[in-house]
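Each chain gets a letter, A, B and so on, in the order the sequences are listed, and its residues count up from 1. Model, not experiment: these values are computed from the prediction.
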Amino acid sequence: MSCWLAGLLLIGVLGGCAQAPMNAPLAAYRPDAGYRFTTLDAGDAGDGDGLYVALAFSGGGTRAAALSYGVLKALADTPITWQGKRKRLLDEVDLISTISGGSFTGAYYALFGPGIFTDFESRFLKRDIQGELGRQLWNPVNWIRLASPSFDRIDLAAELYDRTVFNGKRFDALTAARHRPFLVINATNMSLGRRFGFIQDQFDGLGSDLGPYPVARAVAASSAFPLLLSPVTVRNYPAPPGYERPAWVDGALGDYEVNRRRYQRAREWTLYADKAGHPYVHLIDGGLADNIGLRDVIDSAQDAARPGSIRQLMNQRKIRRLVVIIVNARTEPPETIDTQRRAPGALEVAMKTATVAMDNYSFETIELMKDLAGAREQARRAVEDCRRLLADRCPSAAQPPPLNEIRFSIIEINFDSIADPKEREEFLSLPTSFALPPATVDRLIAKGGELLRQSEVFQELVEELK
Amino acid sequence: MEYLLVHFPERRRVLIDGNDQGRTDETLELERGTYIVTLSPPLDYKPKKRKVALKRTSPVSPLEIRFAKRHASDK
């Protein structure tokens with residue numbers, strides 16, 4: 001009995017020592033430093049933003065990671081001519097916004113560039129990550145560590161990703177590289193139920209320096225599937241010297257009736273500013289707030305206040321061609337509940353409750369992006385028509401200034417567009433897992449490229465950029 | 001989306017809530033809402049800032065605001 005007690009005591013003492021790494025406080029507020037879109041080089045001098053390409057990688061475990069990797073490969077194989085220069089479409093990618101499984105591909109490409117085409121398959125896609133995570137749980141040393149209140153299952157996962165996939169890289173490495181694409185790894189703030197992006201602009205609100213934070217922990221937060229994995233916790237520190245609340249927040253807080261979205265964004269800032277009420281922020285799978293990674297792109301296309309946002313670059317007449325490629329690895333396993341008289345059980349109802357709302361939201365998110373592009377083009381044409389009419393019928397009248405022309409290409413890659421019904425059903429039935437057979441991974445990679453190339457919008461884009 | 005057109009006798013950058021959003025005499029596209037509009041330096045314009053509530057504009061009928069040149073004799 002005394003041995004048991006001594007053993008438990010030892011576990012308690014040693015376990016108490018285990019600490020997950022915590023985000024660092026920000027020594028001083030510097031809007032011109034850290035991992036922000038605006039601190040990265042635009043690329044080719046003079047016209048770095050002219051052709052703006054944004055990628056959104058959805059969640060869906062290895063299935064999503066492999067599909068988005070296949071799209072990256074296809075972009076690398078797509079030659080274009082822009083401003084008289086021959087290049088690959090992949091070289092023009094400015095922004096990658098990722099969720100869960102898609103975060104592995106996005107983060108790997110942002111960190112290692114073309115190296116992804118050498119070793120990502122062996123280092124991630126074709127590994128049994130799920131099995132490796134399970135074996136971590138059988139390691140007695142980890143039992144002791146997990147006994148600590150400051151160390152949880154997600155921390156084991158983050159350590160595994162850090163050691164075996166991301167080589168211990170921190171966000172500082174992305175800042176130091178100074179080149180685009182700008183990576184936004186998205187998680188969900190449990191308390192707000194809102195998107196949380198691992199970028200310095202967001203960490204400013206936490207009074208924290210994203211630089212020394214491991215990329216692997218951000219990816220782990222983005223893919224911390226509820227219940228299977230615990231949340232990632234970050235500290236909300238006091239604001240650093242020199243930090244001032246962004247000026248837009250004051251105006252937006254009064255816009256509750258006028259613009260609820262803007263008001264909501266402002267309110268989030270005030271909640272992060274409430275350090276006493278929210279000293280910690282708990283982050284889970286980004287898929288809960290947006291399972292396709294597109295919301296960040298949409299926010300960027302709407303919110304001019306965000307430094308370096310798509311809207312700001314549009315207003316500054318920098319963007320002339322906006323390409324958004326959405327890689328949506330959504331599945332739709334065969335449904336059998338309608339074949340039985342018996343009503344679905346509690347588990348089935350719970351699963352449907354969780355997934356149906358999210359699928360509908362994802363669908364509407366993609367349509368919103370298309371509507372934004374359509375409305376912009378409509379507005380530009382309306383001004384052109386007005387100017388033409390005035391010039392024709394009332395030449396002395398003052399004309400409204402023209403809106404600059406921006407060509408939009410909104411491309412969605414999904415399994416629904418697979419033509420062959422049998423093959424479509426196979427892909428739509430793939431599980432969400434971090435362990436898929438290598439042959440399935442190969443098929444997903446090939447399918448990602450194939451679906452991109454068969455997209456009519458993509459074909460038009462490539463034709464125009466020949 | 002809402003539309004704002006800022007006038008000033010000289011070509012100047014327009015700052016919305018302190019962020020560069022483009023130039024005078026060009027239509028700026030912003031979300032519906034309340035903003036503080038200023039111009040880039042030199043601070044030779046008046047008023048010092050304008051608070052605008054953007055709503056119910058259209059691309060052919062943007063909200064138009066004007067800044068005047070401030071001369072040394074102006075207080």
| task | Would you mind checking which part of B:I16 comes under 4.5 Å of any heavy atom in chain A, side chain (CB onward), backbone (N, CA, C, O), both or neither? | result | neither
| remark: Output for pair (A:D250 CG, B:Y35 OH), nearest 0.5 Å, gives 13.5 Å
| query | Is the backbone N or O of B:G33 less than 3.5 Å from a side-chain atom of A:N259, with the two atoms forming a donor-acceptor pair by type? | reply | no
| task | Taking A:R262 for its side chain and B:T34 for its backbone only, find out whether a donor-acceptor pair lies under 3.5 Å. | result | yes
| request: Could you list which of residues 393-405 of chain A have a heavy atom closer than 4.5 Å to any heavy atom of chain B, in residue-number order? | output: A:P400, A:P401, A:L403
| note | The interface call for B:D20 against chain A, heavy-atom contacts under 4.5 Å, is both
| A:R267 atom CZ: more than 12 heavy-atom contacts under 6.0 Å | no
| Side-chain donor/acceptor of B:N19 to backbone N/O of A:A305, under 3.5 Å | yes
| message | Within the supplied structure, the quantity of interest is the number of heavy atoms (other residues, nucleotides, ligands) at a distance under 6.0 Å from B:R13 CZ; does it exceed 12? | response | yes
| note | Scanning both residues in full, the closest heavy-atom pair of A:N315 with B:L30 reads ND2-CD2, 4.0 Å
| query | Knowing that exactly one of A:M314, A:Q312, A:Q316 qualifies, which makes a side-chain contact (heavy atoms from CB on, under 4.5 Å) with B:Q21? | reply | A:Q312
| task | Would you check, one step at a time, whether the test side chain to side chain contact (heavy atoms under 4.5 Å, CB included) holds for B:M1 with A:R376? | result | CA-CA 9 Å; B:M1 206 45 67; A:R376 174 53 167 70; over 6 Å; no
Please set out all donor-acceptor pairs under 3.5 angstrom arising from side-chain atoms of residues 49-56 of chain B, sequence neighbours excluded.
unit_1	atom_1	unit_2	atom_2	d
B:R50	NH1	B:R66	O	3.3

| query | So does A:R261 pair up with B:E31, basic N to acidic O under 4.0 Å? | reply | no
| message | Is it the case that atom CD in B:E10 sees more than 12 heavy atoms from other parts of the structure closer than 6.0 Å? | response | yes
| note | Separation between CZ (A:R317) and CG (B:L28), nearest 0.5 Å, reads 7.0 Å
